Amino acid sequence: MGKEYDFIVIGAGGTGLAAGMYAARLGLKTLVLGHSNGSELPIGGVITTTNVVENYPGFIKLTGTELAEKIEKHAREYELVEIKTEKAESVKGKAGKFFVKTKKNEYLGKTILFATGTKWKKLPESVKGAREFEHRGIAYCSLCDAPLFKGKVTCVIGGSDTAAKDALVLAEHAKKVYIIYRKDKIRAEPVNLKRIGNNKKIEVINNANVVEIRGKDFVESVVLDREFNGSKELRLDGVFVAIGHEVLSELAKDLGVKLNEKNEIIMNHRDSSTNIDGVFAAGDVGDKHFKQAITGVAEGCTAAHSAYEFIQKSIIET
């Protein structure tokens with residue numbers, strides 16, 4: 001049996017790191033496990049793939065990586081926090097005795113926080129070439145891969161604010177960026193809509209779906225389900241997919257935590273608790289409608305405080 005902890009946080013994004021920091025301030029011996037979502041993202045999680053963050057109070061403008069590093073540094077200021085890049089493979093047990101297994105170790109925790117977040121959704125297999133051209137012109141992280149398309153023609157599939165921001169990042173490198181969206185109007189924040197409208201490199205194609213991706217060794221074109229400028233085929237070099245995220249809640253589900261129809265963890269939004277005593281949830285894995293870095297951090301800190309109160313109550317009752 002490995003080390004014992006008061007609070008084990010599964011997920012080392014901004015939410016998990018903030019929870020670890022706050023738990024340590026409350027005197028809880030805390031373990032934060034990264035890479036729990038099976039991705040290759042660094043400690044700091046999805047926010048590290050965001051080029052510009054302008055909606056986190058206290059910072060007018062910074063990169064997602066800078067924000068994640070600041071939260072991680074804050075967490076590491078406390079000796080009671082251990083941060084490990086180990087993937088949690090199973091969680092079993094009950095309040096007071098939760099067993100968390102990784103490939104290398106097994107840990108015992110009195111309480112658990114699921115801050116496992118999400119991963120990018122892939123194009124459906126019905127889109128011909130969607131799997132064939134993975135990492136051969138199809139990408140998901142504009143901040144990571146945009147420089148590879150310098151002077152090229154690219155597209156972003158999706159209509160969310162994330163898609164809009166991806167297009168803006170791509171436009172810093174590519175000579176042309178199409179936003180391809182299945183509905184009649186993209187749903188970006190007003191400030192990003194304005195930026196897109198003012199960027200001559202970006203063109204929006206509404207009411208269109210990509211039905212095929214073509215090429216030899218790498219992406220050379222996409223086929224739409226309607227004509228655009230007289231043709232259904234659009235010549236380009238790169239496809240960035242921004243169609244949403246999949247919730248990473250399998251570990252919680254296996255433990256018996258209740259999920260909704262979207263596989264999000266059903267949580268009490270006042271104290272971040274779940275249907276299982278001693279188990280909490282925070283961040284993008286939860287069932288809250290509004291999800292931002294700041295809301296995830298707040299939920300993580302709330303979960304840490306709730307775990308502290310749960311442990312204190314258990315001590316009193318015994």
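Please read these numbers as outputs of a predicted model, since none were measured by experiment.
Surrounding CZ of Phe310 are more than 12 heavy atoms belonging to other residues, nucleotides or ligands, all under 6.0 Å away. Remark: Lys152 NZ is loosely packed, at most 12 non-hydrogen atoms of other residues, nucleotides or ligands lying under 6.0 Å away.
For the residue pair Ser142 / Asp166, a side-chain donor-acceptor distance below 3.5 Å is found, with atom types taken as modelled. Between the side chains of Lys84 and Tyr107, a donor-acceptor pair is found at a separation under 3.5 Å.
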Atom pairs and distances, donor-acceptor, side-chain atoms in residues 248-257, under 3.5 Å, two or more places apart:
{"from": "Ser249", "atom 1": "OG", "to": "Asn263", "atom 2": "O", "distance (Å)": "2.6"}

Table please: side-chain donor-acceptor pairs of residues 173-184 below 3.5 Å, with sequence neighbours left out.
{"from": "Lys176", "atom 1": "NZ", "to": "Glu203", "atom 2": "OE1", "distance (Å)": "2.9"}
{"from": "Tyr181", "atom 1": "OH", "to": "Arg187", "atom 2": "NE", "distance (Å)": "2.9"}

In residues 16-31, what donor-acceptor pairs under 3.5 Å come from side-chain atoms, sequence neighbours left out?
{"from": "Arg25", "atom 1": "NH1", "to": "Tyr78", "atom 2": "OH", "distance (Å)": "2.9"}
{"from": "Thr30", "atom 1": "OG1", "to": "Leu28", "atom 2": "O", "distance (Å)": "2.9"}

Using a 3.5 Å cut-off and no angle test, enumerate the donor-acceptor pairs between side-chain atoms of residues 281-292 and protein atoms at least two apart in sequence or in another chain.
{"from": "Asp287", "atom 1": "OD1", "to": "His269", "atom 2": "NE2", "distance (Å)": "2.7"}
{"from": "Lys291", "atom 1": "NZ", "to": "Glu264", "atom 2": "OE2", "distance (Å)": "2.7"}
{"from": "Lys291", "atom 1": "NZ", "to": "Asp284", "atom 2": "O", "distance (Å)": "2.8"}
{"from": "Lys291", "atom 1": "NZ", "to": "Gly286", "atom 2": "O", "distance (Å)": "2.9"}
{"from": "Gln292", "atom 1": "OE1", "to": "Asn55", "atom 2": "ND2", "distance (Å)": "2.7"}

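Smallest separation of non-hydrogen atoms from Asn268 and Asp271: CB-OD1, 3.1 Å. A pairwise comparison of heavy atoms in Phe228 and Leu234 identifies CD2-CD1, 4.1 Å as the closest pair. The two atoms that bring Val127 and Val210 nearest to each other are CG2-O, 3.5 Å, heavy atoms only.
Checking side-chain atoms of Asp225 against main-chain N and O of Asn209 turns up a donor-acceptor pair under 3.5 Å. At distances below 3.5 Å, at least one donor-acceptor pair connects side-chain atoms of Asn198 with backbone N or O atoms of Lys194. In this structure, Thr154 contributes its side chain and Gly238 its backbone to no donor-acceptor pair below 3.5 Å. In this structure, Asn275 contributes its side chain and Lys258 its backbone to a donor-acceptor pair below 3.5 Å.
Linking ILVMFWY residues whenever their side-chain heavy atoms come closer than 4.5 Å, directly or via other members, places Ile71 and Phe59 in the same cluster. Linking ILVMFWY residues whenever their side-chain heavy atoms come closer than 4.5 Å, directly or via other members, places Val219 and Val153 in the same cluster. One hydrophobic cluster holds both Ile138 and Trp120 under the rule that ILVMFWY side chains link at heavy-atom gaps under 4.5 Å.
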Note to self: Between Ile196 and Leu168, does the side chain to side chain contact (heavy atoms under 4.5 Å, CB included) criterion hold? Intermediate values first, please.
What the structure shows: CA-CA 7 Å; Ile196 286 172; Leu168 289 166; 4.2 Å; yes
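In this structure Glu69 satisfies the side-chain hydrogen bond (donor to acceptor under 3.5 Å, both in side chains) test with no other residue, sequence neighbours excluded. Under the side chain to side chain contact (heavy atoms under 4.5 Å, CB included) criterion, Lys101 pairs with Ser90, Glu106, not counting sequence neighbours.
Side-chain contact between Lys313 and Ile316 is absent, with no heavy-atom pair separated by less than 4.5 Å.
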